[in-house]
Amino acid sequence: MSEQNAGHIARHVAHHVIGVRNWLIGMPRLLPGLLPFGTGRRLVLPGRLREAIARQQENSEILIGWIQLGVVVTFAVLYTLAPKTFHPDVMFEPVPLVLGVYAVFTLLRLVLAHRRALPGWLLYVSILADMALLMAAIWSFHLQYQQPPSFYLKAPTLLYVFIFIALRALRFEARFVLLAGAAAALGWLGLVGYATLSRPDDTMITRNYVEYLTSNSVLLGAEFDKIISIAMVTVILGLAILRARGLLVRAVVEGQAARDLSRFFAPEVAAKITGTEHQIRAGEGEVREAAILTLDLRGFTALSTALPARQVLALLADYQARVVPVIQAHGGSIDKFLGDGIMATFGAALPTGRHAADALRAVTAIMATIDGWNAERLAAGQPPIRVGAAVSAGPVLFGAVGDETRLEYTVIGEAVNLAAKLEKHTKAEGVRALSTRMALELAEQQGYRPVQQHRVLAACAVEGIAGPLDLVVLAE
């Protein structure tokens, strides 16, 4: 190889390497503006959120494995169908051997991914193996077809490196994309070096573009263009993943927050909080037609003084675990727990047009649930539980109350106060559940049909309510 050609190659390599180095040196100054939050600060996540992201990444590894297997199968089918002209001196076909090794490696990796047993070092090895086997397959073309090494530089199989680089983006970790791109760029640089340096008597280097396209000659500029393209695609994908990972983290955080909110709020309220298009402020609300249900566990104060605290809490938890699902099954939303009491709304958080009917059906189902629970308690030698309930219906204001540091979604209105007073009035009447006659009539208009005729209490005086009310006994 002449000194002139060697210097020519060295200048090309130095020019492109220095250009990429300078571009990468400038990247840290660009990153803060390119990241989704504009700060560049690392977000510290709780362990459970890190586990949620890790599960997503494990699922991505399974997807990557299946796609890689698909690539192997596709490459094998194309190789099998493509016409071949073998030289008599060729003793074996290297491509099937490389494909076989890669298929075994991919299957092993896929099995480990399904078992969630892919250690970090294996991911790095997998990336290097992908590129090494691909470069080995490309390198073997000149042996298979008995051509000079520069022959394999024209192989379109190089395009597969972009598939392998892009696959690593599925995991949302830029380091794996950068490693794949670096391995591909260095691998192709090695193949270029081998093609030009393996035959000192003839480097095959040309500066004639037509000669490059129509022969086995090597155009260094074209080969380095390929390397630069690989590097640029890798860096761009890496930047995209840095931004996408920020969005992924935010999505996981907000999704977990929404699930946590649904444990502390009714699902409809949690959806309203997380789905609002503007910041929720105290004093904002909407007038809704709704039904209010209040429940109270009778004799709970006496029980709480007679039983150990742990048993009291267990009893309360058992009671709520039985009653709350019944309310929710009938379209009700838990507004708040008031010690041993429950306040639920129908049609406030989510208007339905059948709020009164749903509330009365819920009362019937709750009383049946309590009867079943009491049967279990009696069989276990425990005293029965008595629950009082009341339903009222009418316009309410549904919105946020509190201040900027502590907000609560709730309902305000005459119907709310009336339901609370009616529940207390059940004790005076000696019944388990009451509603206003107006609420019953509205429920019947909405399709409610009682199993048996409800007893009407005409012109009742209810403490705290001005004037008599017509009431209906929902459960004796």
Side-chain angles (χ1 to χ4, degrees), residues 260 262-267 291-346 357-392 416 418-436 439-440 443 448 450-455 457 460 462-464 471-476:
D260 288 344
S262 66
R263 297 180 61 199
F264 291 91
F265 297 91
I292 310 299
L293 166 64
T294 58
L295 297 170
D296 182 66
L297 192 59
R298 295 282 190 258
F300 184 74
T301 304
L303 282 173
S304 62
T305 57
L307 296 175
R310 182 171 296 180
Q311 291 185 28
V312 172
L313 289 176
L315 175 64
L316 188 59
D318 195 4
Y319 158 66
Q320 292 168 344
R322 293 171 185 270
V323 170
V324 170
V326 176
I327 295 173
Q328 293 173 335
H330 288 81
S333 299
I334 304 301
D335 185 275
K336 57 177 64 71
F337 293 101
L338 305 166
D340 60 323
I342 298 174
M343 175 178 164
T345 63
F346 294 78
D358 288 341
L360 266 60
R361 292 190 186 101
V363 170
T364 302
I366 288 170
M367 294 305 162
T369 299
I370 297 301
D371 290 341
W373 186 25
N374 280 330
E376 296 176 13
R377 291 179 61 82
L378 289 172
Q382 298 172 332
I385 294 298
R386 187 171 176 84
V387 174
V391 173
S392 66
V416 179
L418 180 56
K421 290 178 171 59
L422 286 182
E423 189 279 317
K424 292 181 180 179
H425 191 68
T426 58
K427 300 176 183 177
E429 298 291 346
V431 298
R432 292 194 293 167
L434 287 173
S435 79
T436 61
L440 175 62
Y448 172 69
V451 177
Q452 58 186 12
Q453 192 70 27
H454 293 309
R455 181 162 61 94
L457 303 175
C460 291
V462 179
E463 184 179 354
L471 305 178
V472 175
V473 179
L474 301 177
E476 296 287 352

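Gly430 and Arg386 get closest at one heavy-atom pair: O-NH2, 3.9 Å. Residues Val391 and Ala439 share a closest heavy-atom pair of O-CB, 4.5 Å. Nearest heavy-atom pair across Ala389 and Thr426 is O-CG2, 3.5 Å. Across Lys421 and Gly464, no two heavy atoms sit closer than the pair CE-O, 3.6 Å. For Asp340 against Leu316, the heavy-atom pair with the smallest separation is CA-CD1, 3.8 Å. The two atoms that bring Asp358 and His330 nearest to each other are CB-O, 3.2 Å, heavy atoms only.
Among residues two or more places apart in sequence or in another chain, the side chain to side chain contact (heavy atoms under 4.5 Å, CB included) test is passed with Pro325 by none. Scored by the side chain to side chain contact (heavy atoms under 4.5 Å, CB included) test, Ala443 finds Ala356, Ala357, Leu360, Tyr448 as partners (sequence neighbours excluded).
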query = Can Ile342 and Ile334 be said to form a side-chain contact (heavy atoms from CB on, under 4.5 Å), step by step?
reply = CA-CA 7 Å; Ile342 298 174; Ile334 304 301; 4.0 Å; yes
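To the nearest 0.5 Å, the span separating CZ on Arg361 from CG on Leu474 amounts to 13.0 Å. Rounding to the nearest 0.5 Å gives a distance of 10.0 Å between CG of Leu418 and OG of Ser435. Thr345 contributes atom OG1, which lies 9.0 Å from atom NZ of Lys336 (distance to the nearest 0.5 angstrom).
Residue pairs meeting the salt bridge (Lys or Arg N to Asp or Glu O under 4.0 Å) criterion with at least one partner in residues 373-385, sequence neighbours excluded, are Arg322-Glu376.
With hydrogens and angles ignored, the 3.5 Å screen pairs a side-chain donor or acceptor of Thr294 with a backbone N or O of Ala419. The backbone N or O of Ile385 sits less than 3.5 Å from a side-chain atom of Asn374, completing a donor-acceptor pair. Side-chain N or O atoms of Arg432 include one that pairs as donor or acceptor with a backbone N or O of Glu476 at under 3.5 Å.
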